Amino acid sequence: MTNSSYDVAIIGAGMVGATLASLLSRSGFSVALIEAIEPQPFDSRAEVGLRVSAISPGSSAVLDQAGAWKSIIAQRVRPYRRMQIEDGVELDPLLFDAPVFNMERLGTIVENALIQWSAWQVVSSGGMVDIYSPDYLDSLEFCGEQNQVLLNSGKKISARLVVGADGAASRVRKTMGIRQDHYAYNQQALVAVVGKQKPNPGVAWQRFLKEGPLAFLPLADGRSSIVWTTSSAEAGRLLVQDAATFTSELDAASSGWLGRVESLGPRATFPLSMRLSECYASQRTVLMGDAAHVVHPLAGQGVNLGFADAAALVESLIATRLAGADIGSASTLHAYDRWRRSESEAMAFGMHGLRSLFGIESLSPLRRIGLKLVKRSWAVKDVFLQRAAGVGGNAPKLANGATLRDLLGA
Ligand SMILES: Cc1cc2nc3c(=O)[nH]c(=O)nc-3n(C[C@H](O)[C@H](O)[C@H](O)COP(=O)(O)OP(=O)(O)OC[C@H]3O[C@@H](n4cnc5c(N)ncnc54)[C@H](O)[C@@H]3O)c2cc1C
């Protein structure tokens, strides 16, 4: 049984929107979740998917509060305790080891479909969220105390706050009339699942090549998910190359790390860009995840920023409600906008900087000095890791280990 008036209507149940729906409903808000394509059950006996994400410890804490993390780790994941970064010129790699920084793990590699399905299952089985799927946002009217959401099915719902978690091509963002800065890298990421002679020992390995980074991310069965970032022309060539030639080029690019490639799955490419919205909130509507920002995947931070957006919004809305104020008030929206925009802009420009540092011609003195500084300085590595782990100073409380009960003062 559904009603048609809610505290929050979320457009898009990707990894970010589905997680937000669970966090909000567990905090006592009434929630409508609208998703165009109903997620398919995840089958851990099927072949590993091409889309995987490096999930930070901060994000796993958020997913835990959403009720999804236990089901995720019970299925098919691989934690990694070492990050190894090479530039193909310097002999000694840049290493980050979890125990050195008192961390149990640096992150966990999880298939996107598993995250989305686990969060979806929580909201669809609990009966606490009204789900409209398959259905999609047709139009949005901004009016007074409640926004009006018109769905393609003809259904009309109203909400005190609307959330656009509808991905990079966000219709919500376009309806709000929010402009984006868009930087196309003229690069694509080629992804595939690869088995080498030796199993991946739980290391996220990355080598910066002339055209962009090549990453091997560890999978549960010892194979690796590769993300090979290169120029669009080169990615097109690698995508259609016969398997034997592709494999020998991959062997050369990874210089025998873990031996030769022994198995290769299907390949796919994704164009890369940086997109930053000029504003994340107005007119009782907020943006989050890829609807708000898209960053270069070289440090695997895109969806981690989205989970932090979700945790930050929940924190703000609980505090607003406890203070007896309106959850769609301009001051709540303004605070969310400032907090999340500064975080994602810092991350986006950090990625830009890293890309430039490693992308400079291989023997550049500037790059050598930059790399030496990072290698030698424990403090610089510590700051880098805190950011990558999604914890520390500016991270939402849920990412830093607080529970929803803590936020609710229960
Ligand atoms: C090669 C590659 C590797 C990456 N690796 C990492 C990584 O290691 N770590 C990391 O943190 N990030 C990574 N990312 C980024 C990450 O994949 C994205 O940030 C993430 O998928 C965004 O999730 P989202 O939920 O915000 O949006 P989406 O996944 O785009 O979800 C949006 C949802 O909204 C629905 N929708 C859209 N329009 C409507 C509508 N009008 N009505 C209803 N529903 C609608 C869609 O069907 C979809 O389900 C990577 C990206 C790439 C390209």
Side-chain angles (χ1 to χ4, degrees), residues 9-21 32-40 49-56 58-60 62-63 80 83 106-113 115-117 119-120 131-140 149-153 162-175 185 187-192 204 206 212-213 215 217-218 225-230 235 267-275 287-310 344 347-348 351 388-390:
I10 303 167
I11 316 299
M15 294 185 278
V16 173
T19 300
L20 175 73
L33 181 61
I34 296 109
E35 169 55 47
I37 305 162
E38 206 168 322
Q40 293 303 303
L50 282 178
R51 297 298 306 271
V52 306
S53 294
I55 297 302
S56 69
S59 293
S60 39
V62 173
L63 285 161
Y80 58 96
M83 217 152 58
L106 298 177
T108 309
I109 305 300
V110 193
E111 286 156 79
N112 292 4
I115 299 175
Q116 188 193 17
W117 174 246
W120 176 265
I131 293 181
Y132 297 82
S133 181
D135 207 340
Y136 61 89
L137 171 74
D138 198 38
S139 64
L140 182 57
V149 180
L150 186 64
L151 304 184
N152 185 254
S153 58
V162 172
V163 178
D166 50 345
S170 172
R171 192 178 184 108
V172 175
R173 186 187 64 240
K174 287 174 191 151
T175 310
Y185 288 111
Q187 282 189 322
Q188 301 213 3
L190 181 143
V191 297
Q206 194 163 39
L217 305 173
S225 174
I226 63 159
V227 184
W228 192 344
T229 305
T230 185
R267 287 161 269 174
T269 53
F270 298 90
L272 301 181
S273 62
M274 176 171 82
R275 291 165 184 268
L287 297 173
M288 68 173 54
D290 276 19
H293 43 69
V294 175
V295 300
H296 197 289
L298 78 85
Q301 285 300 322
V303 80
N304 288 306
L305 278 174
F307 290 133
D309 294 340
S344 42
M347 183 63 78
M351 293 306 98

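Heads up: numbering here begins at 1 and tracks the sequence. Indexing begins at 1, ligand by ligand and atom by atom, following the structure's order. Only heavy atoms go into these numbers, but all of them, side chains included; no hydrogens, no water, no symmetry mates. Keep in mind the model is a prediction, meaning the values are calculated, not measured.
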Relative to the heavy atoms of A189, which atoms of ligand 1 are at a distance of less than 4.0 Å? 1 (C)
Quick one, V163 and M288 - any side-chain contact, counting heavy atoms below 4.5 Å? yes
Nearest-contact summary for atom 5 (N) of ligand 1 - protein heavy atom, Å: V52 O, 3.9 Å
Do P297 and L272 come within less than 4.5 Å of each other through their side chains, counting heavy atoms only? yes
Verdict with supporting geometry, Q301 and H296, side chain to side chain donor-acceptor pair (under 3.5 Å): CA-CA 8 Å; Q301 285 300 322; H296 197 289; over 6 Å; no
Identity and distance of the protein heavy atom lying nearest atom 29 (O) of ligand 1: G14 CA, 4.5 Å
Could you tell me, atom by atom, which parts of ligand 1 come under 4.0 Å of a heavy atom of A54? 7 (C), 8 (O), 9 (N)
Residue and atom name of the nearest protein heavy atom (relative to atom 44 (N) of ligand 1), distance in Å to one decimal: A36 N, 3.2 Å
For atom CZ of F270, decide whether the heavy atoms of other residues, nucleotides or ligands shown that lie under 6.0 angstrom number more than 12. yes
Counting from 1 in the order shown, the ligand 1 atoms closer than 4.0 Å to a non-hydrogen atom of G167 are 27 (O), 30 (O), 32 (C)
For the pair D309 (side chain) and A165 (backbone), establish whether a donor and an acceptor sit closer than 3.5 Å, ignoring hydrogens and angles. no
Atoms of ligand 1 close to I34 [distance to a heavy atom under 4.0 angstrom, numbered from 1]: 43 (C), 44 (N)
Would you say R173's side chain and A291's backbone share a donor-acceptor pair under 3.5 angstrom? yes
Of all protein heavy atoms, the one nearest atom 26 (O) of ligand 1 is D290 N, 3.0 Å
For ligand 1, is there an N or O atom under 3.5 Å from any N or O atom of G17? no
How close does the nearest protein non-hydrogen atom get to atom 34 (O) of ligand 1, and which residue and atom is it? G12 CA, 3.3 Å
For the 3.5 Å polar cut-off, considering only N or O atoms, please tell me whether I11 and ligand 1 meet it. no
Should T269 and W228 count as side-chain neighbours, where that means a heavy-atom distance under 4.5 Å? no
Please indicate whether any nitrogen or oxygen in P297 is less than 3.5 Å from any nitrogen or oxygen in ligand 1. no
For A165, take its heavy atoms, then give the atoms of ligand 1 lying under 4.0 Å from any of them. 32 (C), 33 (C), 34 (O)
Mind checking whether S170 contacts ligand 1 via backbone (N, CA, C, O), side chain (CB onward), both or neither, at a 4.0 Å heavy-atom cut-off? neither
Which of the atoms of ligand 1 are close to V16, meaning less than 4.0 Å from one of its heavy atoms? 24 (P), 25 (O), 26 (O)
Please check: side-chain N/O of D166 versus main-chain N/O of R171, any donor-acceptor pairing under 3.5 Å? yes
Apply the side-chain contact (heavy atoms from CB on, under 4.5 Å) test between Q116 and each candidate in E111, M15, R51; give the one that qualifies. M15
Which is closest to atom 46 (C) of ligand 1 by heavy-atom distance: E35, M15, M288, K174? E35
Would G289 count as a polar contact of ligand 1, with the cut-off being nitrogen or oxygen pairs under 3.5 Å? no
Sub-4.5 Å side-chain heavy-atom contact between Y132 and L151: yes
Does S133 use its side chain to pair, donor to acceptor, with the backbone of D135 at less than 3.5 Å? no
Tell me which protein heavy atom sits closest to atom 11 (O) of ligand 1, plus the residue, atom name and distance to 0.1 Å. V303 N, 2.8 Å
Checking a contact table here: which protein heavy atom is nearest atom 37 (C) of ligand 1, and how many Å away? D166 O, 3.4 Å
With a 4.5 Å heavy-atom cut-off, do E35 and Y136 have their side chains touching? no
R51 contact mode with ligand 1 (heavy-atom cut-off under 4.0 Å): side chain
